[in-house]
Q: 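Please read through the structure below; I'll follow up with questions.
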Amino acid sequence: MRTVAIITAGGRGNRMGQDLPKQFLPIEDKPAIAYTMESLQKSPLVDAIIVVCIAGWETVVQAYANQFGITKLVGICEGGATNHESIENGTRLAAQKFPPDTLVLVHDAARPNLPQFVIEDSVRVATQYGNSVPVIPTAEVLLESEDGSTSARVIERSTAKRTQTPQGFILSDLQQMQAEVDQRGIQPKAPCEMVVLCGKTMHLSRGSEKNIKLTTLEDIDIFRALLHAQRSPWLKQSSTNSQE
Ligand SMILES: C[C@](O)(CO)[C@H](O)COP(=O)(O)O
């Protein structure tokens, strides 16, 4: 079975408050999306990469791919108005190039620090069960708030999971579920939500605290710190921390 990664880089990243979209921000010596593409390029489990990006940025993505040796890039397409529509565009392109039983890994461009074991476990679980979503436990007590300033409800922490990407699916299943939610007029926030909305079970794989999603400027600081820690030759790196 072949595996294709769809990197979603179609968002504007308004919460970052920068002129450049967050996935294109230069961090240390390269743009965020270059780190993301490199992680998937490096994985022996990934055969091909498709990038879904903001209209007009296609040539920039191709230039970065050339610059950073992303030889697995097989296609770039335009994003949609929502994350769901962007994933649909990427899925359509994947379906033009690969057979229906292809394993698809949908990954956020804004997660540039993707550990190899997270890819491996996502592929393992999706191959075994038909889908996968990397998750991490919730360390904090969770309060639900309707108005943003008060709360009267605690969410059970032990069963709450924080979801990440890459989320794995069989290409034909992904297309079927997208058709179903479109027909029902629903816009899921993430593919794992779509699966649940379609009445199916999502299978959990191992995520990592290091698989950070760049959302605010604080996340850039954390990513920089992670890069420095990973580059420190005198520190032993753990890739399988039990908390991850
Ligand atoms: C897919 C995701 O990363 C799972 O945690 C998350 O839902 C993406 O959210 P975004 O608002 O589209 O960045």
Side-chain angles (χ1 to χ4, degrees), residues 4-18 20-25 27 31-33 35-37 39-40 49-54 57 77-91 94 104-115 118-119 121-123 125-126 131-140 142 155 157 159-169 173-174 177-178 181 186-198 200-220 222-223 226 243-244:
V4 56
I6 298 178
I7 299 179
T8 54
R12 298 239 156 233
N14 293 333
R15 282 173 287 180
M16 193 68 80
Q18 302 298 305
L20 277 177
K22 61 183 179 181
Q23 58 275 27
F24 295 105
L25 284 177
I27 300 171
I33 193 170
Y35 293 94
T36 313
M37 291 195 288
S39 306
L40 292 156
I49 299 172
I50 285 173
V51 175
V52 187
C53 77
I54 305 170
W57 286 78
C77 66
E78 211 176 283
T82 61
N83 187 36
H84 173 67
E85 286 176 18
S86 292
I87 296 169
E88 283 188 328
N89 292 356
T91 307
V104 176
L105 296 179
V106 180
H107 184 63
D108 298 328
R111 290 188 187 272
N113 199 55
L114 172 60
V118 174
I119 303 175
D121 208 49
S122 182
V123 169
V125 172
N131 66 41
S132 61
V133 56
V135 297
I136 50 175
T138 310
E140 296 84 3
L142 298 172
I155 297 168
R157 171 171 70 179
T159 54
K161 303 288 175 206
R162 292 164 58 200
T163 64
Q164 302 185 335
T165 61
Q167 300 182 13
F169 307 92
D173 292 349
L174 195 55
M177 290 184 286
Q178 288 168 343
V181 291
I186 309 171
Q187 284 269 343
K189 288 189 192 63
C192 60
E193 182 184 354
M194 178 175 70
V195 171
V196 174
L197 288 168
C198 289
K200 300 183 188 198
T201 301
M202 226 22 253
H203 294 271
L204 312 185
S205 61
R206 291 177 59 218
S208 168
E209 289 285 358
K210 292 178 184 167
N211 186 17
I212 182 170
K213 178 151 86 74
L214 305 181
T215 305
T216 64
L217 279 177
E218 274 182 332
D219 299 325
I220 303 253
I222 296 169
F223 178 39
L226 286 168
Q243 271 303 300
E244 294 172 344

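If you read the sequence from its start, that first residue is 1, and numbering goes on from there. Whatever order the structure lists them in is the order used to number ligands and atoms, beginning at 1.
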Q: For atom 7 (O) of ligand 1, grab the closest protein heavy atom and report residue, atom and distance to one decimal in Å.
A: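 Answer for atom 7 (O) of ligand 1: Ala190 CB, 3.8 Å.
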Q: Relative to the heavy atoms of Thr165, which atoms of ligand 1 are at a distance of less than 4.0 Å?
A: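 Selected atoms, number and element: 1 (C), 3 (O).
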Q: Quick check against the 3.5 Å criterion: does Lys210 have a side-chain atom that pairs as donor or acceptor with the backbone of Pro115?
A: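 Checked: no pair found.
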Q: How far is atom 11 (O) of ligand 1 from its nearest protein heavy atom, and which residue and atom is that?
A: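 That would be Arg15 NH2, 3.5 Å.
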Q: Consider only side-chain N and O atoms of Thr91 and Gln178, and report whether a donor and an acceptor are under 3.5 Å apart.
A: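 Note: Thr91 and Gln178 side chains meet the donor-acceptor criterion.
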Q: Between the side chain of Ser86 and the main-chain N/O of Gly80, is any donor-acceptor distance below 3.5 Å?
A: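 Looks like yes, one N/O pair under 3.5 Å.
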Q: What residue and atom, counting heavy atoms only, is the protein's closest point to atom 3 (O) of ligand 1, and at what distance?
A: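 Going atom by atom, the protein heavy atom closest to atom 3 (O) of ligand 1 ends up being Asp108 OD2, 2.4 Å.
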Q: Taking the minimum heavy-atom distance to atom 8 (C) of ligand 1, which of Lys213, Arg162, Gln164, Gln167 ranks first?
A: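 Going through Lys213, Arg162, Gln164, Gln167 one by one, Lys213 has the nearest heavy atom to atom 8 (C) of ligand 1.
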Q: Which residue and atom name correspond to the protein heavy atom nearest atom 5 (O) of ligand 1, and how close is it?
A: Thr163 O, 2.5 Å
Q: Between Lys189 and ligand 1, does any nitrogen or oxygen pair lie at a separation below 3.5 Å?
A: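 Min N/O separation from ligand 1 is not below 3.5 Å for Lys189.
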Q: Would you say Asp173's side chain and Phe169's backbone share a donor-acceptor pair under 3.5 angstrom?
A: no
Q: Under 4.0 angstrom from ligand 1, any heavy atom of Arg111?
A: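 Per 4.0 Å heavy-atom rule, Arg111 contacts ligand 1.
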Q: Nearest protein heavy atom to atom 12 (O) of ligand 1, by residue and atom, and its distance?
A: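 For atom 12 (O) of ligand 1, the nearest protein heavy atom is Asn83 ND2, 3.7 Å.
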Q: Spell out, as yes or no, whether a donor-acceptor pair under 3.5 Å connects the side chain of Gln167 to the backbone of Cys192.
A: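 Checking the backbone N and O of Cys192 against the side chain of Gln167, a donor-acceptor pair under 3.5 Å is found.
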Q: Taking the side chain from Thr8 and the backbone from Ile87, do they hold a donor-acceptor pair closer than 3.5 Å?
A: no
Q: Could you check whether the rings of Phe24 and Trp57 sit parallel, tilted or perpendicular, using 30° and 60° as the cut-offs?
A: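 It falls in the parallel class, under 30°.
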